[in-house]
Structure formats: C-alpha cells, structure tokens
Amino acid sequence: MTTRTHLRVSQPLDLDATLDGGQAFRWRRDGDAWVGVLGSAIVRLARTDGGVDIESDVPLASDIRGAIASYLRLDDDLPAIQRELATDPHIGDGVRAFPGLRLLRQDPWETLAGFILSSTSNIPRIARTMELIADTLGQPLELGDTTRHAFPAPEAFVRAGETQLRDLRCGFRAPYLVAAARAVATGDLALEALREAPYAEALAALSALPGVGDKIADCVMLFSLDHLEAFPVDRWIHRALVDWYGVESTFRYEALRDWAAGRFGPLAGYANQYLFWHIRQSRRPMIGAALTKPLAPKAGS
DNA sequence: CCACGGCCTGATTC
DNA sequence: AGAATCAGGCCGT
C-alpha cells in the first residue's frame with residue numbers, strides 16, 4: 001500500500017539541513033526526496049513550495065501527517081526563535097546560512113541508542129551501524145520498491161545481547177546498549193516521563209546509564225525529549241566556543257553548560273544546532289551524506 | 001576533584 | 001603499502 005498526501009508548512013524548513021545534520025541517522029536521500037522510518041512507517045518526504053509531499057506505507061488514518069509535523073517540530077515558531085537568538089552575531093551567521101534548519105522531535109529510545117553509538121565515532125559510521133542493527137533485528141517495511149526496517153525495540157536489543165551487538169559492529173558500546181535496553185524494557189528508565197521532568201532530573205536519570213555521560217544525555221534530551229535548554233558540547237561546539245567566544249579551553253563540561261545557559265537561555269539547544277552547522281561548514285566543504293557503503297556483520301558467528 | 005590511558009572499528013593520513 | 005592517527009565520549013585508576 002502506498003499513501004500519498006501533502007502537509008502544508010508555513011514554517012521555514014530545510015529538509016537537507018534538518019534531516020542530514022547529525023541529529024538523526026536513518027534518513028537517506030532519494031533523488032529530491034528523503035526516505036526514513038518513523039516508528040513502523042516508512043516515509044518519503046519531498047519539499048514543495050507550500051509544504052511537504054509525503055509517501056508512506058501506512059494508511060492516512062494513522063495520522064502520518066500529524067506524526068511528521070510533530071517529528072519536524074512544526075509547532076516551534078522558528079522565526080521567533082531565530083529573532084531572539086540571532087542578536088548573537090555567530091548565531092546570526094548560522095541562521096542566515098541555514099534559515100530552515102530545525103530541531104527534531106525523535107523517538108527517545110532510537111535517539112538514546114544512536115547517541116550511545118556516537119561515542120568516539122562519526123556520522124557515516126553511526127548511520128551504517130544503526131542500519132545494520134535495524135536490518136538484522138527490526139521488522140521489515142516496504143514502500144514501493146524500497147525496503148527498510150523499523151528500529152528495533154529495547155526488548156530486541158536485550159534478546160540480541162552483547163555478543164551479537166558486537167558482531168553488529170557496535171564495539172565497546174555493545175554492553176552499554178544492552179544495559180540501556182534492559183533499563184527501558186523493565187521500566188526502570190521511563191523515557192517518556194522525562195519529557196515532563198525538569199532538566200536536572202532527566203539528566204540524572206539518563207546519565208545513570210553506563211556509557212551515557214553529560215554529552216550523550218544532552219543530545220537525547222534535545223533531540224527527543226523536548227528539553228530545548230540542553231546544550232550538548234562535543235568537539236565541534238567546544239571549538240566554536242573557544243574560537244568564537246573566547247571561552248577558556250580548560251572549562252569543564254559543567255562550566256560550559258552554565259556558560260551556554262547564561263548566554264543563550266532556555267533556547268540554547270537551537271543556538272547549539274546553528275553553531276554546530278556553522279562551524280562544521282566553515283571547516284569542511286560538506287557534511288558527509290549519511291551512508292556510503294553498507295556494512296556487513298562480522299563473519300563466522 | 002583532576003588527568004590520563006584505554007576501548008571497538010573504519011577512514012584517512014603519513 | 002602498512003602503520004599511526006583520528007572520530008560528535010565515557011569509564012576506571
């Protein structure tokens with residue numbers, strides 16, 4: 001089955017920057033469109049003048065439009081956010097370079113798993129590993145002649161266990177994924193509840209997991225749990241803060257978090273994303289399009 | 001509390 | 001070519 005529909009969008013929206021910017025790892029370019037998986041729906045999105053054309057394998061009655069509007073955070077008034085943040089010159093540069101760059105509201109479990117995998121890695125490799133995991137453990141989905149797989153539930157990670165996840169190229173992150181999956185599956189970690197929880201509480205709950213520190217917790221909170229005040233500091237952001245703002249390079253994570261909160265306020269997460277894109281673009285011609293060569297499991301197990 | 005080495009692995013650099 | 005080095009961190013000492 002193929003559903004075709006259209007979502008009207010009056011907000012600024014740059015699908016390339018938003019879907020291929022390192023927030024999400026499973027979008028693939030297909031001609032002018034992007035193909036990805038939301039829950040158990042495979043979706044193909046193409047920008048039009050008035051909005052987004054949508055193709056999906058699920059019925060319209062499943063409110064696929066609503067799901068995509070939520071995913072793209074079209075409920076955020078981006079022009080107002082940009083006006084507020086762009087009083088800062090470097091954020092202003094980022095906003096002018098990528099006026100349609102939005103934050104996403106992703107599935108918390110997939111986001112947590114993705115950023116556990118991000119540790120000492122890079123975007124193309126994270127994307128390939130996520131895909132290999134989904135292809136191996138997730139439910140198959142079809143849209144036209146495209147086959148993708150749903151991102152597997154925590155229970156599937158628990159069943160797979162550390163050994164199989166190592167075979168799936170997760171490396172030293174494999175036991176971290178199993179522990180996180182177990183915490184979610186048993187209910188010890190109620191991810192959805194962290195949406196409403198105060199930032200500090202959500203941070204404590206996430207960073208209690210092995211393999212999840214301040215940076216990964218901030219990514220999960222920002223990209224999936226509506227905590228727009230989260231300001232993940234990775235190497236790139238650190239570079240921007242030191243080079244452009246004169247922040248002492250010896251500042252520790254906690255000090256950088258406080259600095260960002262003071263400088264950018266409750267929308268620091270949006271500022272973070274514009275800074276991230278801006279500094280990466282200024283240091284490199286292009287962010288690598290996710291997925292070059294497909295990855296295979298280890299032989300012999 | 002801080003500094004430092006080690007960790008899987010694939011790509012890039014030397 | 002084969003060996004170091006580096007990549008969107010985190011953990012233990």
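Chain A is the first sequence line, chain B the second, and so forth, proteins listed ahead of strands; every chain is numbered from 1.
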For [X] and [N], is the shortest distance between a side-chain N/O and OP1 or OP2 below 4.0 Å?
X	N	value
A:Arg125	B:dA11	no
A:Arg252	B:dA3	yes
A:Arg280	C:dA7	no
A:Arg166	B:dC8	yes
A:Arg235	C:dA7	yes

For [N], does the base pair up with any side-chain atom of [X] as donor and acceptor (N or O, under 3.5 Å, distance only)?
X	N	value
A:Arg173	B:dC8	yes
A:Lys215	C:dG9	no
A:Ser119	C:dG9	yes

Do you see a donor-acceptor pair shorter than 3.5 Å between the side chains of A:Tyr253 and A:Asp218?
-> yes

Integer angstrom distance from the [atom1] of [N] to that of [M]:
N	M	atom1	value
C:dG8	B:dT13	P	13 Å
C:dG2	B:dC8	P	26 Å
C:dG9	B:dC1	P	23 Å
C:dT5	B:dG5	C1'	16 Å

Among B:dG10, B:dC8, C:dG8, the one nearest any side-chain atom of A:Phe172 is B:dC8

What nucleotide, of C:dG8, B:dT9, C:dG9, holds the atom closest to the side chain of A:Ile123?
->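 Of the options given, the side chain of A:Ile123 lies nearest C:dG8.
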
Would you mind reading off the distance between [X] atom [atom1] and [N] atom [atom2], rounded to a whole angstrom?
X	N	atom1	atom2	answer
A:Phe251	B:dC1	CZ	P	18 Å
A:Met130	B:dT9	CE	C1'	17 Å
A:Asp234	C:dC6	CG	C1'	15 Å
A:Leu241	C:dG8	CG	C1'	14 Å
A:Glu248	B:dC2	CD	C1'	17 Å
A:Leu256	C:dG9	CG	P	14 Å
A:Tyr253	C:dG8	OH	C1'	11 Å
A:Leu132	B:dC8	CG	P	18 Å

Do A:Asp53 and A:Leu45 come within less than 4.5 Å of each other through their side chains, counting heavy atoms only?
->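 Answer no - side chains too far apart.
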
Mind checking who C:dG8 pairs with, Watson-Crick or G-U wobble, both distances under 3.5 Å?
->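 C:dG8 is paired with nothing.
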
Taking a pair to mean Watson-Crick or G-U wobble geometry with both distances below 3.5 Å, B:dC8 pairs with none

Run through A:Thr5, A:Val52, A:Leu38, A:Val9 and flag the one making a side chain to side chain contact (heavy atoms under 4.5 Å, CB included) with A:Ile68.
-> A:Leu38

Please determine if A:Glu192 and A:Arg195 form a salt bridge, counting it only when a charged side-chain N lies under 4.0 Å from a carboxylate O.
-> yes

Should A:Arg73 and A:Asp226 count as an ion pair when the cut-off is N to O under 4.0 Å?
-> yes

Select base, sugar-phosphate, or nothing to describe what A:Leu209 touches, counting heavy atoms under 4.0 Å on all strands.
->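 Sugar-phosphate contact only - A:Leu209 comes under 4.0 Å of backbone atoms but never of a base.
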
Do A:Phe231 and A:Phe276 have their ring centres less than 6.0 Å from each other?
->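 No, they do not, as the ring centres are separated by 6.0 Å or more.
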
Where each residue is assigned the nucleotide of DNA chain C containing its nearest heavy atom, which of A:Asn122 and A:Tyr176 is assigned the position nearer the 5′ end?
-> A:Asn122

Hey, which of these two, A:Pro232 or A:Val212, hits DNA chain C nearer its 5' end, going by closest nucleotide?
->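 So the residue in question is A:Pro232.
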
Is there a donor-acceptor pair closer than 3.5 Å between any side-chain N or O of A:Arg173 and the backbone N or O of A:Leu117?
->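 Yes: the side chain of A:Arg173 pairs with the backbone of A:Leu117.
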
